[in-house]
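The basis for the numbers below is simple: all heavy atoms, side chains too, and nothing from hydrogens, waters or symmetry mates. Numbers restart at 1 for each chain; the letters A, B, ... are given by sequence-line order, proteins then strands.
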2 protein chains.
Amino acid sequence: MTDLMVQERQAEILRRLKQDGRVLAASLAAEFRISEDTIRRDLRDMAHAGLCERVYGGALPVSQGATTLTQRMSVASERKKSLALAALALIPQRSAVFFDAGSTNLAIAEALHEDLMVTAVTNSPAIALMLAEKPLVEVILIGGSLDRVVGGVVGARAIEAMSVIRPDICFVGTCGIDADGGLSAFRLEDAAFKQFVCGRSRRVIVAATREKFDATAPYAVAAAGQYHCLVTEPGVHAHRLAPLREAGCEIIEAGSSEGRKTGRD
Amino acid sequence: MTDLMVQERQAEILRRLKQDGRVLAASLAAEFRISEDTIRRDLRDMAHAGLCERVYGGALPVSQGATTLTQRMSVASERKKSLALAALALIPQRSAVFFDAGSTNLAIAEALHEDLMVTAVTNSPAIALMLAEKPLVEVILIGGSLDRVVGGVVGARAIEAMSVIRPDICFVGTCGIDADGGLSAFRLEDAAFKQFVCGRSRRVIVAATREKFDATAPYAVAAAGQYHCLVTEPGVHAHRLAPLREAGCEIIEAGSSEGRKTGRD
DNA sequence: CATATTTGTGCACGTTTATGCGTGTTTTTG
DNA sequence: CAAAAACACGCATAAACGTGCACAAATATG
């Protein structure tokens with residue numbers, strides 16, 4: 001291990017903290033060939049700067065439960081995370097991807113692999129914030145008036161801003177999926193925005209958890225034939241998926257059929 | 001090693017900095033066959049010009065210091081909170097307020113009182129997310145390409161989006177305050193955006209912690225006379241504030257003059 | 001041409017910083 | 001509750017640092 005300067009060492013500690021989820025004072029001292037006292041001083045400083053949480057024996061990432069901001073984001077439940085992993089496989093390198101506002105799409109953004117280089121467009125500040133931490137992603141934010149129910153920007157200005165962008169892939173959020181496989185939204189402006197974005201995108205993908213099939217919302221967004229792929233969980237009744245299959249919509253079940261992707265790339 | 005002129009030597013140092021990610025004062029002195037004092041002077045100059053970050057033992061690239069916004073948020077949050085409370089008092093009901101990207105302005109947004117009804121405009125997704133939690137605030141998001149160093153949207157599209165908005169108050173962020181009280185930024189596009197927003201706002205307010213007075217950044221944003229109010233901490237040297245007072249800039253020291261609630265200090 | 005002025009450099013000095021060690025305290029664990 | 005591990009604190013030291021000063025070379029000025 002090369003002799004590192006203080007800032008380099010602390011950056012390396014921070015890197016391992018993110019990678020491994022924890023660091024141990026003793027093993028760090030051994031690796032860096034310095035005393036544990038110095039490591040402890042480092043960890044103390046970093047904790048004081050809010051970069052980690054000090055614990056007996058080492059340190060943990062601060063993201064474990066702290067900030068109000070990241071708190072809201074970590075609603076990515078285990079189920080949504082597995083959904084997100086399946087959806088990720090649909091994103092090719094160097095594509096332009098639109099992320100519609102919504103917690104499921106936020107989970108996809110969170111799960112984005114660090115070495116995926118894409119242009120990401122979103123109308124959601126939370127998703128933008130998440131994507132900003134992926135070094136290879138160029139983040140384009142759609143501006144306009146923020147709808148706090150939707151959690152994203154909708155309305156005329158948002159549509160205008162989208163009109164110069166043609167995404168390769170669009171992850172559209174949905175509030176409910178009706179019996180015919182149609183998507184719907186709780187807000188009129190949101191529905192209009194989703195419609196517009198779907199119309200401009202080469203490939204429209206819906207990632208939806210099981211309970212979306214039980215929910216209905218007043219404003220129609222897209223019929224079964226108007227989106228190309230549905231990523232969902234196992235356990236959705238077959239007769240709900242049938243109209244989608246008929247309409248030519250590809251259906252991916254997150255936990256089960258995920259291995260199918262590994263054949264070729 | 002051939003004898004090099006100052007500029008040549010500094011260019012070579014910069015080259016190695018990019019190549020190796022670090023330089024050591026001692027080894028540079030040995031290679032160039034000059035004293036460490038001279039190397040230190042070089043590094044000091046380069047750091048002052050924003051070309052590197054000076055550390056004990058050598059220097060690191062500036063990109064290392066360009067941390068993501070979630071990190072900057074947590075630094076010195078207590079101090080920023082008191083700054084934010086002082087800044088809040090400057091916001092009238094039902095005004096249109098622009099929040100520039102930056103951790104200090106994020107603290108202001110966080111401290112916004114629940115019963116304050118304003119239209120808030122911001123180019124920062126983090127600030128937008130924070131403001132979305134204040135029920136009476138209408139949030140307008142400026143769209144465009146996100147600069148992850150700035151933590152906000154800058155560039156031509158952002159300026160275009162701002163051109164239809166005329167804020168009553170603008171909280172502009174700054175990376176450094178020079179001896180004449182001028183504001184500066186680390187990024188060219190950011191500086192241009194800040195300039196534009198300041199020019200459109202009725203009242204421009206800068207909230208800056210103490211250490212901003214020790215920092216300099218390459219791109220000029222506004223001279224002392226071009227903003228109306230500075231909110232800062234107690235303990236800034238009087239001779240640094242003097243040029244601001246002369247230029248007619250109101251100066252508020254958070255903690256000291258804030259005492260509307262405590263009467264006196 | 002002679003004389004200031006500026007600039008780059010090295011040296012001496014006192015100061016600050018990073019680190020390791022000893023000592024006593026706190027926390028964990030069996 | 002007792003032993004072991006981890007810890008905080010003070011101290012010592014060496015390296016790195018900033019500053020003031022001297023000197024030489026380059027440059028400007030009369």
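Among residue pairs with one or both ends in residues 221-236 of chain B, those qualifying as salt bridge (charged side-chain N to carboxylate O under 4.0 Å, His left out) are B/Arg79-B/Glu233, B/Arg210-B/Glu233; sequence neighbours excluded.
Every residue meeting the salt bridge (charged side-chain N to carboxylate O under 4.0 Å, His left out) condition with B/Asp147, not counting sequence neighbours, appears here in chain and number order: B/Arg187. Partners of A/Thr38 according to the side-chain hydrogen bond (donor to acceptor under 3.5 Å, both in side chains) rule, which considers only residues two or more places apart in sequence or in another chain, are A/Ser35. Residues passing the side-chain hydrogen bond (donor to acceptor under 3.5 Å, both in side chains) test with B/Gln226: none are found, sequence neighbours excluded. For A/Glu36, the salt bridge (charged side-chain N to carboxylate O under 4.0 Å, His left out) test picks out A/Arg40, with sequence neighbours left out. For B/Arg22, the salt bridge (charged side-chain N to carboxylate O under 4.0 Å, His left out) partners at least two apart in sequence or on another chain are A/Glu8. With sequence neighbours left out, B/Tyr227 forms a ring-ring contact (aromatic ring centres under 6.0 Å, His included) with no residue at all. B/Asp168 meets the salt bridge (charged side-chain N to carboxylate O under 4.0 Å, His left out) test with B/Arg202; sequence neighbours excluded.
Within the structure, a side-chain polar atom (N or O) of B/Arg44 is placed less than 4.0 Å from OP1 or OP2 of D/dG18.
Direction of the helix axis in the helix from C/dC1-D/dG30 to C/dG30-D/dC1 shifts by 40° between the two five-pair termini, rounded to 10°.
A salt bridge links A/Glu31 and A/Arg16; the closest N-O separation between the charged side-chain nitrogens and carboxylate oxygens is under 4.0 Å.
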Which parts of nucleotides 8-15 of chain C does protein reach within less than 4.0 Å, heavy atoms only, written one letter per nucleotide 5' to 3' as B for base, S for sugar-phosphate only and - for none? SBBBB---
What's touching nucleotides 26-29 of chain C from the protein side, N or O pairs under 3.5 Å?
residue : atom : partner : partner atom : Å
C/dT27  : O2   : A/Tyr56 : OH           : 3.2

Any protein N or O atoms within reach of nucleotides 23-25 of chain D? Criterion: under 3.5 Å, listing atom names and distances.
none

